[in-house]
K.L.:
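Below is a structure I'd like to ask you about.
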Amino acid sequence: MDTGEQVDAFIRRFFGFKHDFLGVVGLAVVGFAVLFAFVFAFAIKEYPGINYVE
C-alpha cells in the first residue's frame with residue numbers, strides 16, 4: 001500500500017481535484033450566505049405580522 005505518493009498527488013490523480021478554483025468556490029459560498037442573510041432579513045422586516053398558526 002505504501003507507494004510513496006503524497007496525499008495531494010493522490011487526490012489530484014484519483015478524484016481530479018485541483019485547487020485552481022478554490023478562491024472562486026469560497027467566494028461563492030460566502031456570497032450565497034450573505035445573499036441568504038439579506039433575503040431573510042428583508043422577509044422578516046417586510047412581513048412581521050404573518051402568523052401561520054391559527
Side-chain angles (χ1 to χ4, degrees):
M1 293 290 287
D2 188 20
T3 62
E5 186 177 23
Q6 293 182 349
V7 174
D8 61 343
F10 171 76
I11 290 174
R12 184 175 294 126
R13 180 180 57 81
F14 193 77
F15 294 110
F17 179 78
K18 298 178 185 174
H19 286 97
D20 295 342
F21 291 106
L22 196 56
V24 175
V25 171
L27 186 64
V29 168
V30 171
F32 180 75
V34 169
L35 177 67
F36 178 80
F38 277 115
V39 169
F40 184 76
F42 175 76
I44 287 188
K45 181 182 177 198
E46 287 297 315
Y47 307 106
I50 294 179
N51 187 0
Y52 292 106
V53 179
E54 292 186 24

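As the structure is a computational prediction, the values presented were derived from the model and not from experiment.
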K.L.:
Using 0.5 Å steps for rounding, measure from the CZ atom of Arg13 to the CD atom of Gln6.
P.N.:
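Spacing of CZ (Arg13) from CD (Gln6) equals 13.0 Å.
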K.L.:
Nearest 0.5 angstrom please: Phe14 CZ to Ile11 CD1, how far?
P.N.:
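That separation rounds to 11.0 Å.
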K.L.:
Linking Ile, Leu, Val, Met, Phe, Trp and Tyr by side-chain heavy atoms under 4.5 Å, what else ends up with Val34?
P.N.:
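Grouped by the 4.5 Å side-chain rule, Val30, Phe38 form the rest of the cluster around Val34.
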K.L.:
Running the 4.5 Å side-chain criterion over Ile, Leu, Val, Met, Phe, Trp and Tyr, what cluster does Val39 land in, apart from itself?
P.N.:
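ILVMFWY cluster around Val39 also holds Leu35.
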